[in-house]
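Excluded from the calculations below are hydrogen atoms, water molecules and symmetry mates; all remaining heavy atoms, backbone and side chain alike, are included.
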Amino acid sequence: MSIIAYASAESDPIEYPLQDPVVDLSTASLPASVTVYGAAVDSANPSATFSWQWTLLDPASGPVLSSTTTQNITISNIDSWRNIRLHLVATNTATGLTSESNVLLAPSSSFVEVRVLSEYAGIQKVAKGSRAWQEAMYTWANAIEGARGAETLALGDLSDVSVATGPLVDTLVGGGSAVNGSGVALHTHTGAHVANATTSATGVVRLAEAYQGAGAPMALTQERVTYTGCTDLSVNDSKTGVVFRYIRTQSAGAPSEILPHLAFYAQEAVYVTGVHVVLLDGGTVSGAAQYTFDLVQGNAAALAGAALVPLGLELEGTISTNHAPLVINADFSPIKISAGRWFGLGVLASPTLEADCGHGLQVTIHARRYAQ
């Protein structure tokens, strides 16, 4: 047969066949509505136009089709926990030839099944005649076995319970001891990680960002990352060598080209929150803002071409007396450095004369890596 019908939850059924709409009762409520889409291909007549015939298989009261003869239809009043299966037949309006109408012989592309998932375990009641039921049965089996395992789990089986003399928790007091209303010990939790939870009041876990004190459980919601390094090395403008001891504006051949004195690689996305710069010897031009630093970042090609881009922080530093240390501490709103990027500290301005430059550059960059 040269005509093949396609039914799908996607608006382009030919490109995305075998896609079923889902009603997840953990987030959706009944009655619900979904839209399904039809398409067809006539291999003998690629420009053919079609008429359509939708059939609700294993019909039951409840679901209502917006039409049975339009290309795309809406199924409304899905009011019970059970899958709904439909079959589509397409007819070439010029020749009268149709796609396969026998549901036992028709290709899977011409069927679509509204999959209604249960609230707690995502279980389906597969529709009569469904061909893709194995995954649904595995979900059933896992849910049944898991429920059986939970039924036989004893309190003493929990990894943080060291002594179990009773099955209940009336009051959980400091030190991890659970007691009943008469003060009789029921069981003991390993360690002291739960603070004074009772049947009427929950215990307290504080977020590390909001509470830095000791004595209470803390949940870490972000990871701190620190990049640090030191150098007395600058690349000179002529690309013929390096200048040791003196920290100065460095490029690879042109004033607009920027190289960082220290470069770091972000293997994963990080958010920079602070930069701390120290020149152990700040140079010999005291009282003036003789240094300007900035974070610079870019890809590997930008690093190789000395074309890292400044982020606009423009951190200026001065010294009070010649050769005094120059110190800059800057904390700011998080700046994202994407995964696979290079970043570091660039010197945008420095004393004109090499002899006035400082040396002993130390850099610490503080960042955070958020859960994504």
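- With a 4.5 Å cut-off on side-chain heavy atoms, N77 and P63 do not count as touching.
- Residue-environment remark: CH2 (W133) stays at or below the threshold of 12 foreign heavy atoms within 6.0 Å.
- Looking at D294, its side chain does come within 3.5 Å of a backbone N or O of L313 through a donor-acceptor pair.
- Using the six-membered ring where Trp is involved, H276 and H366 have ring planes that are perpendicular, over 60° apart on the 30 and 60° scheme.
- Residues F343 and Y227 bring their aromatic ring centres within 6.0 Å.
- Scanning both residues, H87 and V103, for their nearest heavy atoms gives ND1-CG1, 3.8 Å.
- Counting only N and O atoms by type, the side chains of E113 and S130 include a donor and acceptor under 3.5 Å apart.
- Looking only at distances, no side-chain donor or acceptor of S26 sits under 3.5 Å from a matching main-chain atom of Y120.
- Two residues are said to be in side-chain contact when any heavy atoms from C-beta on lie closer than 4.5 Å; L25 and L30 meet this criterion.
- In this structure the side chain of T228 never reaches within 4.5 angstrom of the side chain of V363, judged on heavy atoms.
- Formation of a donor-acceptor pair under 3.5 Å by the D20 side chain with backbone atoms of V114 is not found in this model.
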Exercise. Show your reasoning for whether side chain to side chain contact (heavy atoms under 4.5 Å, CB included) applies to V89 and T55.
Key: CA-CA 8 Å; V89 174; T55 302; 5.9 Å; no
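- Of the candidates Q124, K128, K125, N83 forms a side chain to side chain donor-acceptor pair (under 3.5 Å) with just one, namely Q124.
- Follow the hydrophobic side-chain contacts under 4.5 Å out from L57 and you never reach V126; the two are in separate clusters.
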* To do: Determine, stepwise, if the pair R341 / N299 fulfils side chain to side chain contact (heavy atoms under 4.5 Å, CB included).
  => CA-CA 5 Å; R341 308 284 281 185; N299 58 24; 3.8 Å; yes
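- A donor-acceptor contact shorter than 3.5 Å links the side chain of S110 to the backbone of P107.
- Judged purely by distance below 3.5 Å, without hydrogens or angles, the side chains of T74 and S33 never pair a donor atom with an acceptor atom.
- Using modelled atom types, no side-chain atom of T98 and backbone atom of T91 make a donor-acceptor pair closer than 3.5 Å.
- Between atom OG1 of residue T226 and atom CZ of residue R368 there is a gap of 11.0 Å, rounded to the nearest 0.5 Å.
- H261 places none of its side-chain heavy atoms less than 4.5 Å from the side chain of R248.
- Nearest heavy atoms, S320 versus A324: OG-CB, 4.4 Å.
- Criterion: ILVMFWY side-chain heavy atoms under 4.5 Å apart, direct or through other members. Under it, V112 and I75 are part of a common hydrophobic cluster.
- With rounding to the nearest 0.5 angstrom, the CD atom of Q297 is 7.0 Å from the OG atom of S338.
- Residue A266 comes nearest to I337 through the heavy atom pair CB-CG2, 3.9 Å, listed as atom of the first residue, atom of the second, then distance.
- A 6.0 Å sphere centred on OH of Y16 holds no more than 12 heavy atoms belonging to other residues, nucleotides or ligands.
- Closest approach of S51 and T93 over heavy atoms only: N-CG2, 3.6 Å.
- Counting only N and O atoms by type, the side chains of T284 and H323 include no donor and acceptor under 3.5 Å apart.
- Side chain of W81 to main chain of I123: a donor-acceptor pair is present (N/O by atom type, distance under 3.5 Å, no hydrogens or angles).
- Aromatic ring pairs are classed by plane angle as parallel below 30°, tilted from 30° to 60° and perpendicular above 60°; the pair Y291 and F293 is parallel.
- In the hydrophobic clustering of this structure, L97 groups with L88; members are Ile, Leu, Val, Met, Phe, Trp, Tyr whose side-chain heavy atoms approach within less than 4.5 Å, directly or through other members.
- A pairwise comparison of heavy atoms in Y6 and P17 identifies CD2-CB, 4.1 Å as the closest pair.
- V309 and V272 sit in two unconnected hydrophobic clusters of ILVMFWY residues. Membership requires side-chain heavy atoms under 4.5 Å apart, directly or through other members.
- S350 and T249 share a side-chain donor-acceptor pair at under 3.5 Å.
- Cluster membership for V23 and L65, using ILVMFWY side-chain heavy atoms within less than 4.5 angstrom, is shared.
- Residue E135 places its CD atom among 12 or fewer non-hydrogen atoms of other residues, nucleotides or ligands, all under 6.0 Å distant.
- For the pair L18/F111, no side-chain contact is recorded, criterion being any heavy-atom separation below 4.5 Å from C-beta on.
- Interatomic distance, OH of Y246 versus CG of D356, reported as 9.0 Å (0.5 Å rounding).
- A heavy-atom distance below 4.5 Å is not found between the side chains of K336 and V270.
- The heavy-atom pair separating A9 from P21 by the smallest distance is CB-N, 3.4 Å.
- To the nearest 0.5 Å, the span separating OG1 on T35 from CD1 on I73 amounts to 9.0 Å.
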- Candidate pair N92 and N45, rule side chain to side chain contact (heavy atoms under 4.5 Å, CB included), full reasoning: CA-CA 9 Å; N92 185 319; N45 186 2; 3.7 Å; yes
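- Within the 4.5 Å cutoff, the side chain of D232 has no heavy atoms near those of the L361 side chain.
- V275 places a side-chain heavy atom less than 4.5 Å from the side chain of F332.
- A distance of 9.0 Å separates SG in C357 from CD in Q290, rounded to the nearest 0.5 Å.
- Panel note: side chain W54, backbone T70; a donor-acceptor pair is recorded below 3.5 Å.
- In terms of modelled atom types and a separation under 3.5 Å, the side chain of S80 and the main chain of R82 share no donor-acceptor contact.
- Taking the centre and axis of the six-membered ring of Y271, the NZ or CZ atom of R369 falls outside the cone set by 45° and 6.0 Å.
- Side-chain atoms of S99 come within 3.5 Å of backbone N or O of A90 as a donor-acceptor pair.
- Without hydrogens or angle criteria, N72 side chain to G38 main chain gives a donor-acceptor distance under 3.5 Å.
- Interatomic distance, CZ of R85 versus CG of L56, reported as 11.5 Å (0.5 Å rounding).
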* To do: Run the numbers on I78 and I84 for side chain to side chain contact (heavy atoms under 4.5 Å, CB included), then give the verdict.
  => CA-CA 9 Å; I78 301 171; I84 301 166; 3.8 Å; yes
